[in-house]
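Residues take their numbers from the sequence shown, with the count starting at 1.
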Amino acid sequence: MGTIKKLIGLLIISSVLLAGCGSLQGTVAEKAEASFILEVSSDDSRQPPSEEIHLTDHTVFSGAINTFEELEVGDRVEVAPFNTSPEIPYFLAARVIVE
């Protein structure tokens, strides 16, 4: 029971923190063991054309799928990041929404 309360708390806190963070949208180009490459759809010339998205045990999948195993190359997704410190040099996904 305590674990469920912690997870719900983490999700609520993450949702609040993510409200101010930018998400990425694009197409899954490649899958690895605990990450995937996202071809980013953006008009921002500072945004690289692709980004490796790293996953944690707390990454939530929603929309057309419920798990990372169901994610497929070619899926259109929106990825919301965890609010991390600048010392973490990679994109950690809090939520992956599949169209």
Completion exercise
Interatomic distance, OG@Ser23 vs CZ@Arg95, rounded to 0.5 Å, equals 11.5 Å
Completion exercise
When rounded to the nearest 0.5 Å, the distance separating CZ of Phe91 from CZ of Phe82 is 10.5 Å
Fill in the blank from the handout: What one should report as the nearest heavy-atom pair of Leu55 and Phe36 is CD2-CE2, 4.0 Å
Practice task
Taking atom types as modelled, find out whether Glu39 and Thr27 have a side-chain donor-acceptor pair closer than 3.5 angstrom.
Solution key: no
Handout entry: Taking every non-hydrogen atom, the tightest pair across Ile37 and Ser50
Key = CG2-CB, 4.0 Å
Problem - Min side-chain heavy-atom separation Phe61-Val96 under 4.5 Å - result: yes
Exercise for the section: Would you confirm whether Lys31, through its side chain, and Val73, through its main-chain N or O, come within 3.5 Å as a donor-acceptor pair? Expected result: no
Fill in the blank from the handout: To the nearest 0.5 Å, atom CD of Gln25 lies from atom CG of Leu38 at 9.5 Å
Handout entry: OG on Ser35 to CD on Glu51, rounded to 0.5 Å
Key = 11.0 Å
Handout entry: Side chain Glu70, main chain Thr67, donor-acceptor under 3.5 Å
Key = yes
Fill in the blank from the handout: CD1 of Ile53 to CG of Leu24, rounded to nearest 0.5 Å, is 5.5 Å
Handout entry: Non-hydrogen atoms of Val79 and Ala93 that approach each other most closely
Key = CG1-CB, 3.6 Å
Completion exercise
Paired with Val77, the side chain to side chain contact (heavy atoms under 4.5 Å, CB included) test is passed by just one of Ile97, Val28, Ile65, namely Val28
